[in-house]
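Each chain gets a letter, A, B and so on, in the order the sequences are listed, and its residues count up from 1.
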Amino acid sequence: MVKHGRTSDSRSCPLMAAPMSEITSEVVEAHGLSPEEYDRVLHALGREPNLVELGIFSVMWSEHCSYKSSRLHLKKLPTEAPWVICGPGENAGVIDIGDGQAAIFKMESHNHPSYIEPYQGAATGVGGILRDVFTMGARPVANANALRFGRPDHPKMKHLVQGVVAGIGGYGNCVGVPTVCGETNFHPAYDGNILVNAMTVGVADTDKIFYSAATGIGNPIVYVGSKTGRDGIHGATMASADFAEDSEEKRPTVQVGDPFTEKLLIEACLELMATDAIVAIQDMGAAGLTSSSVEMATNGETGIRLDMNKVPCREEGMTPYEMMLSESQERMLMVLKPGKEAMAEEIFRKWELDFAVIGEVTDTRHMVLEFDGEVVCDIPLGPLAADAPEYDRPYMSMEDYIAWAGISPMQNRPDTDDVGGDLLKLLASPNLSSRKWISEQYDSQVGADTLQTGGDAGVVRVHGTKKALAITTDCTPRYVHANPYEGGKQAVAEAFRNLCAVGARPLAITNCLNFANPQRPEIMAQFVHALDGMGNACRVLDFPIVSGNVSLYNESKATGGGSAILPTPAIGGVGLIDDYDTMMTMPFKNEGDAIYLVGSEAWATPDPERSHLGKSLWLSEIHGRDEGRAPPVDLTLEKNAGETIRELIEAGLVSAVHDVSDGGLAVALAEMAIASGLGAEVSANEDYTAAAWWFGEDQGRYVITVPDTDAFNAQLAKGTRDEDTALVGFRRLGTVTGDSLFGKSVEELRAAHQSFFKDWMEA
Amino acid sequence: MKAAVITFPGSNCDRDMAVAIEQISGKAPLRVWHGDAALPDGLGFIALPGGFSYGDYLRSGAMAANSPIMKSVVEAAGKGVPVLGVCNGFQVLTESGLLPGALMRNAGQTFICRTVALRVENSQSLFTSRYEKGQVIHIPVAHHDGNYFADEATLDRLEGDGRVAFRYAEACNGSRRDIAGILNAGGNVLGMMPHPERAIESDHGGSDGRALFESVFENLSVA
């Protein structure tokens with residue numbers, strides 16, 4: 001007989017106020033389960049669940065934990081390469097970086113909590129992704145992020161930006177992991193639902209990687225870290241629903257982070273990992289103790305028995321329901337080898353952390369929880385995880401989607417007769433302005449291994465070696481919205497490009513797939529087609545996906561009208577530089593260096609089928625028009641251009657490299673000028689309109705500078721390695737010289753570039 | 001000469017400090033845990049690293065100042081052993097009374113991470129003899145509470161006694177009289193917010209911090 005746990009006395013939350021014995025349809029609905037899903041629960045148990053069990057099903061079957069709408073499509077992504085040690089399915093992806101070392105990384109969303117409570121939401125997002133990485137035995141060496149905010153004049157937006165940035169810094173700075181790169185966009189589609197995606201990269205020895213499979217019947221299950229409190233209960237369920245008008249009332253479901261404890265936890269875990277005591281380890285992230293214990297037992301094909309009276313609690317009188325659903329931060333679950341408990345406990349006590357043996361591995365394939373001597377939960381593991389619901393949600397074809405989204409070729413193509421003036425306006429616009437106000441709030445240097453920030457990719461040295469890891473986060477949501485397939489390709493291609501631009505060999509990516517309500521066929525179309533494009537890009541570029549996270553239901557009724565976010569499949573890319581002495585940077589270096597555009601020969605003449613300005617920032621900032629089609633991505637060209645760039649960097653023939661992306665060629669040149677203080681004289685391409693040439697956002701292009709054109713031409717005359725790279729073209733743009741660009745002084749450009757955040761934050 | 005780096009719970013620049021000391025002195029420093037009651041015998045140099053000891057709870061550096069090892073550090077400083085406190089280490093030094101004044105929240109209220117220009121104000125000290133007086137050097141800062149405060153009389157005394165070691169040569173955090181680093185009366189304790197250990201090689205952060213460590217080790221080996 002299953003006995004029900006005690007009820008909480010909380011009256012504010014319908015989830016906890018429900019009487020234990022009555023699982024009414026309201027209680028089921030409040031747990032986010034559909035009537036069909038509840039039938040599935042009844043079938044799995046062969047009886048009615050009690051509230052503890054219902055709560056466990058609720059979080060395990062939430063979109064956040066079960067990936068029930070996305071799993072089917074995620075399976076199609078390429079996840080393998082000779083250098084991939086561990087792909088999706090564990091806490092983070094693992095790739096081989098040579099010399100017995102591995103890079104371990106993942107990106108994860110913390111969107112809903114960050115909208116409700118920006119500081120803690122963002123901070124705990126960083127904390128969670130750090131744990132995913134050090135759980136696997138890696139010392140975290142770099143953080144990155146991808147942020148999307150609404151329009152800056154939205155009444156809440158300044159507060160949200162300040163809070164999120166302070167939260168990311170507050171956590172990352174304190175744990176002592178440098179934040180080395182990130183991207184930030186503003187668009188009204190995020191007014192009621194900002195996106196906070198955090199990424200961590202760590203380094204481990206390949207023979208010291210830890211996994212989550214709980215094995216060894218009778219082995220002790222150990223809880224370490226912070227005590228369990230009532231914070232964050234039902235966070236995973238919240239993250240799996242649309243935002244309603246009452247989102248502010250959900251503040252109690254946002255967790256509170258303590259980076260100090262996290263720092264201690266990192267050091268304690270790494271100290272214990274240096275011994276041979278650990279069988280398996282898993283962090284308690286979304287859905288806390290529930291998902292960690294279910295995943296460990298499922299991966300180990302075993303069972304688990306926990307004594308809830310032994311769980312370290314922050315408050316008196318916590319129920320098993322609350323303990324299982326709490327998302328208190330800085331906690332880990334481990335399976336130890338028998339007899340290692342005392343040694344492990346000593347390490348955790350030294351770091352002033354809680355340590356408790358709370359259960360054991362069993363052979364029952366069930367999750368059994370006991371409290372006050374009674375069994376309060378007994379669920380077969382199969383239905384909770386591996387056999388959780390999976391939906392093939394209906395989605396539109398690309399043609400139907402394009403029609404639904406109203407995307408058509410651009411009519412009435414405007415031109416410009418003031419490139420310098422337009423450039424100043426673009427540099428001062430929210431989406432192209434300098435991010436210095438943000439990046440200076442992050443400690444980018446702790447660890448003393450940071451080699452580059454503020455360029456195309458962040459670069460950190462692998463401590464004590466000549467190797468370095470390059471890291472970038474990329475996505476252009478307005479392209480994905482206009483064409484999910486091309487936009488999905490573009491996000492991967494841009495990450496590839498940014499890594500090549502610093503001289504790194506792109507190795508693998510993690511993704512953070514932020515979309516709106518998948519029960520709408522147009523949103524599901526965005527998801528499916530973007531994944532299709534992403535998968536193709538990964539295959540062609542040999543750039544597999546090794547970890548990731550899906551965040552659905554990113555839409556809000558709070559701002560009026562069920563406004564969906566732009567589809568935002570953020571990519572986190574990691575590449576390897578074998579010898580960081582060859583690392584490349586973006587600023588112009590020397591007066592007199594020749595400037596070239598590298599890319600497809602195709603741009604020698606414009607494509608009559610295309611405006612070259614569709615979905616460009618120039619069109620929206622200068623003309624207020626959000627029109628046209630997203631630029632197409634030629635993946636073969638992308639691969640060849642990237643390889644060509646890396647060859648030139650290795651041969652020492654270039655002095656600066658910068659990829660061409662948002663804002664086009666003029667903005668790329670301006671960024672190189674501002675970063676160096678040097679100007680340039682450049683000439684237009686008469687076959688293009690000035691607007692299309694300087695501000696078009698054609699893909700697969702880089703700007704390079706060449707100190708010795710004779711050596712450069714001699715290298716080009718030798719021909720390229722193969723026929724494919726022969727498709728890559730070079731066009732002389734001009735020369736690095738003076739202190740102005742397009743008739744504007746570099747100082748003027750810099751002032752414009754830095755004006756947006758300065759004016760906004762000081763207002 | 002034996003050097004030691006103290007690690008408090010929440011220190012996060014302890015490794016960076018140890019690497020800098022080893023690279024410049026050729027010898028790895030001892031690593032000392034905050035809970036140890038006593039320092040190793042015969043120490044010639046003690047470094048208190050940056051970070052967030054005790055999570056900056058209560059006040060930055062306040063809890064670490066009361067940890068068991070700090071009694072020994074204060075004793076050693078009293079006997080003339082050179083002590084360098086960087087960033088959180090500087091905060092621990094003011095909280096423990098080894099240096100006057102306090103480090104308050106930055107005037108701009110936000111965390112600041114960037115390389116700043118510093119002017120060397122005193123090139124006669126144990127820590128700065130390899131610099132020239134008036135020399136401008138570039139060292140990274142990374143702090144939220146680096147706004148140096150002391151009353152006017154204390155500031156006058158520091159200035160008059162040549163105890164201002166470094167001054168910001170650009171706007172940074174609102175520090176009184178742009179003070180970035182100060183010495184104790186004996187000249188054997190230096191606290192500074194900028195991170196010299198992050199500026200020991202051109203590949204990372206520049207190399208203007210090297211001379212600080214070189215000064216210490218040169219002066220100690222001669223002494």
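- Ranked by heavy-atom pairs under 4.5 Å with chain B, the first of A/Lys350, A/Glu352, A/Gln452 is A/Lys350.
- Ring planes of A/Phe757 and A/Trp760: tilted class, angle from 30 to 60°.
- Taking A/Val446, A/Thr453, A/Asp581 one by one and counting their heavy-atom pairs under 4.5 Å with chain B, the maximum is reached by A/Val446.
- Neither the backbone nor the side chain of A/Gln162 comes within less than 4.5 Å of any heavy atom of chain B.
- If you measure heavy-atom distances from A/Lys436 to chain B, you find no contacts under 4.5 Å at all.
- Of the possible donor and acceptor atoms, one in the side chain of B/Arg210 sits under 3.5 Å from a partner among the backbone N and O of B/Ile200.
- Most heavy-atom pairs under 4.5 Å with chain B, from the set A/Val177, A/Thr261, A/Thr450: that is A/Thr450.
- In terms of heavy-atom pairs under 4.5 angstrom with chain B, the leader among A/Gly447, A/Gly464, A/Pro259 is A/Gly447.
- Screening B/Asp36, B/Leu48, B/Leu30 for a side chain to side chain contact (heavy atoms under 4.5 Å, CB included) with B/Ile6, the sole residue that qualifies is B/Leu48.
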Any chance you could lay out the salt bridge (charged side-chain N to carboxylate O under 4.0 Å, His left out) test for A/Glu346 and A/Arg349, step after step, and finish with the verdict? CA-CA 5 Å; A/Glu346 195 178 324; A/Arg349 295 289 174 217; over 6 Å; no

Going through the distances and angles, do A/Arg139 and A/Glu267 end up as a salt bridge (charged side-chain N to carboxylate O under 4.0 Å, His left out)? CA-CA 9 Å; A/Arg139 178 171 285 280; A/Glu267 299 304 332; 2.9 Å; yes

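- Of all the heavy atoms in A/Met199 and A/Thr473, the pair that sits closest is SD-CG2, 4.1 Å.
- Among all heavy-atom pairs drawn from B/Phe52 and A/Phe260, the shortest one is O-CD1, 4.1 Å.
- Chain B forms more heavy-atom pairs under 4.5 Å with one residue of A/Gln441, A/Arg461, A/Lys263 than with any other, namely A/Gln441.
- When heavy atoms are compared at a cutoff of 4.5 Å, B/Tyr57 approaches chain A solely by way of its side chain, counted from C-beta outward.
- If you tally non-hydrogen atom pairs under 4.5 Å between each of B/Gly55, B/Gly205, B/Cys113 and chain A, the highest count goes to B/Cys113.
- There is no contact between B/Val141 and chain A, counting heavy-atom distances below 4.5 Å.
- Neither the backbone nor the side chain of B/Thr115 comes within less than 4.5 Å of any heavy atom in chain A.
- With a threshold of 4.5 angstrom between heavy atoms, A/Val175 approaches chain B through N, CA, C or O but not through any side-chain atom.
- Salt bridge B/Arg114/B/Glu170: present, at least one basic N to carboxylate O contact under 4.0 Å.
- When each of B/Ala142, B/Ser53, B/Pro9, B/Pro140 is checked for heavy-atom pairs under 4.5 Å with chain A, B/Pro9 comes out on top.
- Ring-plane geometry between B/Tyr148 and B/Phe90 is classed as parallel, the angle between the planes falling under 30 degrees on a 0 to 90 degree scale with a further cut at 60.
- Both the backbone and the side chain of A/Leu451 come within less than 4.5 Å of a heavy atom of chain B.
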